[in-house]
Amino acid sequence: MAHLIMSGLFLLAVIMAFIYAYYLLQMMLTITKCPDCGRIMQKVLYTEWADDKQEKVVYECRFCQAKRIRKTGHTGKGRRHTLYP
């Protein structure tokens, strides 16, 4: 009986490790670097509610925006939600 419980716990631990490794690999493959400075860019979701619901996902570099190296392609209207890489 104890052998069955231990094998069940081991199987559960293997499944949890596989899920964590898959999530980590997916996150590492979706990281985008800035072409100007080489730093990691943030994923930002802009929503506009004026006429109809428009959502736009943009990658922004905080360093380049602070130094004004690159201009953003967004006008700044609507809400800004930061989605981390």
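The analysis underlying the following values was restricted to heavy atoms, covering all of them including side chains, and did not include hydrogens, waters or symmetry mates.
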Student: Are R62 and Q42 close enough that some pair of their side-chain heavy atoms sits under 4.5 Å apart?
Tutor: yes
Student: Can you give each donor-acceptor pair under 3.5 Å made by side-chain atoms of residues 2-24, sequence neighbours left out, with the distance rounded to 0.1 Å?
Tutor:
unit_1 : atom_1 : unit_2 : atom_2 : d
S7     : OG     : H3     : O      : 3.2
S7     : OG     : L4     : O      : 2.9

Student: Measure across P35 and M41 and return the closest heavy-atom pair with its distance rounded to 0.1 Å.
Tutor: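 Minimum heavy-atom separation between P35 and M41: CD-SD, 4.3 Å.
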Student: Apply side chain to side chain contact (heavy atoms under 4.5 Å, CB included) to the pair V57 and K43, showing each step before the final yes or no.
Tutor: CA-CA 7 Å; V57 176; K43 186 188 266 187; 3.6 Å; yes
Student: Using side chain to side chain contact (heavy atoms under 4.5 Å, CB included), reason through Y46 and V58 one step at a time and then give a plain yes or no.
Tutor: CA-CA 8 Å; Y46 286 102; V58 179; 4.0 Å; yes
Student: Within this structure, what is the CZ-CD1 distance for the pair F63 and I40, rounded to the nearest 0.5 Å?
Tutor: 14.5 Å
